[in-house]
> 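Before we start, here is the structure in question, set down as structure tokens.
Positions are given from 1, in the same order as the sequence printed here.
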Amino acid sequence: MLRLGLGLTFFLASILALAIPAPAHAQGGNPLIERGISEYDELRFEEALQTLSAALVRHGNTREQQGQIYRYLALTYLALDREEEAAGAWRSMLAIDPAHEASSDLSPRFREFFGQVRQQWESEGRPGRAPPAPVSIQHRSPPQASRGEAVELSAQVEDAGGRVAQLVLAYRHGTSAVFRRVDTTREGNDYVATIPADDVSPPLVEYYFEAVDGGGLPIASRGDVAAPLRIAVPAPGGDVTSEAWFWIAIGGGAAVVAGAIVLGVVLGSQGGGDNPQGTLVITIDD
């Protein structure tokens with residue numbers, strides 16, 4: 001009987017990660033923008049909001065991309081009747097692109113709302129966006145959780161400019177559901193939130209932390225909707241190779257397809273005794 005130890009598990013996970021191409025955003029650009037716009041166009045507003053929020057706090061956005069993200073965030077917030085956040089996003093977009101006008105193909109309600117936001121912004125002297133003080137979120141992810149047991153998570157925020165109004169925990173079971181969002185509670189220097197026991201089940205739980213400002217706009221994250229943090233939730237009595245999460249590329253969210261990786265296990269014992277030994281053979285084909 002082959003027993004896979006913890007060290008071997010990490011070794012295999014590393015090999016699998018290397019065998020799968022890196023996510024598209026590693027090649028330059030920000031693919032979350034196009035994805036968020038597509039979700040908005042398909043009226044999947046909750047998903048669009050999560051994706052665009054992640055896009056906004058990704059490093060390397062150009063000024064034009066920032067303006068585009070704020071514009072679609074404003075549209076998405078307004079579609080969800082979240083007018084305060086919609087106004088904040090539209091004002092941020094105007095600070096980047098002062099000449100932008102609401103498109104004529106928007107509904108009269110949208111055009112009227114954004115017109116009022118512009119008037120207010122202009123009456124205040126068309127304030128711009130000063131370079132913001134950086135915000136960082138410190139958090140260590142637990143490697144594993146027990147099925148049916150709540151998971152308490154904590155994080156610390158470095159916020160020299162006092163920009164963070166709330167730290168939000170977004171989580172989901174598995175890899176395909178829409179993330180649920182809960183506000184954290186401040187306990188001393190820690191922000192704490194709990195993933196309920198009912199949502200902790202095999203094969204894994206995904207989550208991320210997102211810091212938002214007083215207007216509800218995202219300003220920093222630890223993980224995000226496209227590259228969430230993960231906690232393995234082993235099935236009772238199962239070995240690691242039978243777990244679905246074992247075959248998922250970390251951060252990429254794509255399963256290993258047949259033919260890309262062939263995993264062969266040769267079982268046997270050498271010399272008898274209480275310590276049977278096995279040989280694990282891994283073949284990676286391009």
> Between R109 and E112 (salt bridge meaning N to carboxylate O under 4.0 Å), is one present in this structure?
no
> Check step by step if side-chain contact (heavy atoms from CB on, under 4.5 Å) holds for E39 and L49.
CA-CA 9 Å; E39 290 168 344; L49 182 57; over 6 Å; no
> Any luck finding a side-chain donor-acceptor pair between Q116 and Q120 under 3.5 Å?
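On atom types as modelled, these side chains do not qualify, holding no pair under 3.5 Å.
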> Linking I/L/V/M/F/W/Y whenever any side-chain heavy atoms sit under 4.5 Å apart, do I33 and V225 land together?
no
> Is the distance from the ring center of Y208 to that of F179 below 6.0 Å?
yes
> Is a side-chain N or O of S38 found less than 3.5 angstrom from the main chain of E34, in a donor-acceptor match?
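No, the answer is negative, given that no donor and acceptor are paired below the 3.5 Å cut-off.
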> Determine whether a donor-acceptor pair (N or O, by modelled atom type, separation under 3.5 Å) exists between the side chain of H139 and the backbone of R222.
no
> Do R58 and D224 touch side chain to side chain, with heavy atoms closer than 4.5 Å?
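Touching, per the 4.5 Å side-chain cut-off.
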> Taking a hydrophobic cluster as the set of Ile, Leu, Val, Met, Phe, Trp and Tyr residues connected by side-chain heavy atoms closer than 4.5 Å, whether directly or through intermediates, do L169 and V212 fall within one such cluster?
no
> If you take all heavy atoms of L153 and P142, which pair is closest and at what distance?
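Taking L153 first and P142 second, the nearest heavy atoms are CD2-CD, 3.7 Å.
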> Run T175 and E206 through side-chain hydrogen bond (donor to acceptor under 3.5 Å, both in side chains) and show every step you take.
CA-CA 7 Å; T175 61; E206 293 189 329; 5.5 Å; no
> Any side-chain heavy atom of D199 within less than 4.5 Å of one from P196?
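D199 vs P196: side chains touch.
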> Could you measure the distance from the CZ atom of F110 to the CG atom of L78? Nearest 0.5 Å is fine.
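The CZ atom of F110 sits 4.0 Å away from the CG atom of L78.
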> State, to 0.1 Å, how close A48 and G36 come at their nearest heavy-atom pair, and which atoms those are.
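Looking at all heavy atoms of both residues, the shortest contact is CB-O, 3.6 Å.
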> Find the distance between CD (E85) and OH (Y77) and round it off to the nearest 0.5 Å.
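Spacing of CD (E85) from OH (Y77) equals 5.5 Å.
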> Measuring only between side-chain heavy atoms, which start at C-beta, is Q50 closer than 4.5 Å to V178?
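Sidechains of V178 and Q50: in contact.
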> Do the side chains of R71 and D97 get close enough for a salt bridge, i.e. N-O under 4.0 angstrom?
no
> Please name the pair of heavy atoms, one in N30 and one in A55, separated by the smallest distance, quoted to 0.1 Å.
ND2-O, 3.2 Å
> Would the distance check show the side chain of D198 and the main-chain N or O of G148 forming a donor-acceptor pair, the cut-off being under 3.5 Å?
no
> Sort out for me which residue in L73, I37, T62 forms a side-chain contact (heavy atoms from CB on, under 4.5 Å) with Q68.
I37
> What are the two closest non-hydrogen atoms of M93 and G67, and how far apart are they?
CG-O, 3.4 Å
> Cluster question for you: counting only ILVMFWY and a side-chain heavy-atom cut-off of under 4.5 Å, with indirect links fine, are I69 and V57 together?
no
> Count the heavy atoms of every other residue, nucleotide or ligand shown that sit under 6.0 Å from CZ of R186, and state whether that count exceeds 12.
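Enclosed: over 12 neighbouring heavy atoms sit under 6.0 Å from CZ of R186.
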> Compare all side-chain heavy atoms of I219 with those of V164 and state whether any distance is below 4.5 angstrom.
yes
> Any side-chain heavy atom of V157 sitting closer than 4.5 Å to one from F209?
no
> Which residues pass the ring-ring contact (aromatic ring centres under 6.0 Å, His included) test with Y171, sequence neighbours left out?
none
> For the atom pair CG (L94) and NE2 (H100), what is the distance rounded to the nearest 0.5 Å?
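Going from the CG atom of L94 to the NE2 atom of H100 covers 8.0 Å.
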> Is any NZ, NE, NH1 or NH2 atom of the basic residue among E124 and R91 found under 4.0 Å from an Asp or Glu carboxylate oxygen of the other?
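Salt bridge flag = yes for R91 with E124.
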> Rounded to the nearest 0.5 Å, what's the gap from CD on Q166 to CG on D183? Could you check?
4.0 Å
> Answer yes or no: does atom CD of E122 have more than 12 heavy-atom neighbours from other residues, nucleotides or ligands under 6.0 Å?
yes
> Is there a donor-acceptor contact under 3.5 Å from the side chain of S146 to the main chain of E149?
no
> Quick check: closest heavy atoms across P234 and P202, and the distance to 0.1 Å?
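Taking P234 first and P202 second, the nearest heavy atoms are O-CG, 3.9 Å.
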> For the residue pair P127 and W121, what are the closest heavy atoms and their distance?
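That closest heavy-atom pairing would be O-NE1, 3.0 Å.
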> Under a 3.5 Å distance rule, please check whether R172 uses its side chain to pair with a backbone N or O of A177 as donor and acceptor.
yes
> Just checking, any donor-acceptor pair under 3.5 angstrom between side chains of S221 and E210?
no
> Can you tell me if E42 has over 12 outside heavy atoms packed within less than 6.0 Å of its CD?
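Count over threshold, so yes.
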> Applying side-chain contact (heavy atoms from CB on, under 4.5 Å) to L217 and S92, what does each step give before you reach the verdict?
CA-CA 10 Å; L217 296 177; S92 296; 4.0 Å; yes
> Do H173 and S201 meet the criterion of a side-chain donor-acceptor pair at a distance under 3.5 Å?
yes
> Taking L52 as the starting point, is it possible to reach F45 by hopping between hydrophobic residues whose side chains are less than 4.5 Å apart?
yes
> For the pair R118 and E101, find out whether any cationic side-chain nitrogen is under 4.0 Å from an anionic carboxylate oxygen.
yes
> Do Y207 and S141 get their side chains close enough for a donor-acceptor pair, meaning under 3.5 Å?
yes
> Side-chain heavy atoms under 4.5 Å apart, restricted to Ile/Leu/Val/Met/Phe/Trp/Tyr: what other residues fall into the cluster of L32, or is it alone?
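Hydrophobic cluster check, L32: no partners found.
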> side-chain contact (heavy atoms from CB on, under 4.5 Å) between E46 and L80: does it pass, once the steps are laid out?
CA-CA 8 Å; E46 290 290 351; L80 293 169; 3.9 Å; yes
> Determine whether a donor-acceptor pair (N or O, by modelled atom type, separation under 3.5 Å) exists between the side chain of R111 and the backbone of S104.
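Checking the backbone N and O of S104 against the side chain of R111, a donor-acceptor pair under 3.5 Å is found.
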> Side-chain heavy atoms nearer than 4.5 Å, only ILVMFWY residues, links allowed to pass through others: does that put I137 and V168 together?
no
> To the nearest 0.5 Å, what is the distance between CG (D213) and CZ (R163)?
7.0 Å
> Taking atom types as modelled and ignoring hydrogens, do the side chains of N189 and Q156 form a donor-acceptor contact shorter than 3.5 angstrom?
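Side-chain D/A pair, N189 to Q156: absent.
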> Can you tell me how far apart CD (E152) and OG1 (T185) are? Round to the nearest 0.5 Å.
9.5 Å
> Before giving the answer on side-chain contact (heavy atoms from CB on, under 4.5 Å), spell out for Q66 and L56 the whole-Å C-alpha distance, their side-chain angles and the decisive distance to 0.1 Å.
CA-CA 7 Å; Q66 288 286 101; L56 184 62; 3.8 Å; yes
> For the residue pair W90 and F114, does the interplanar ring angle fall in the parallel (under 30°), tilted (30 to 60°) or perpendicular (over 60°) class?
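If you compare the ring of W90 with that of F114, the planes turn out parallel.
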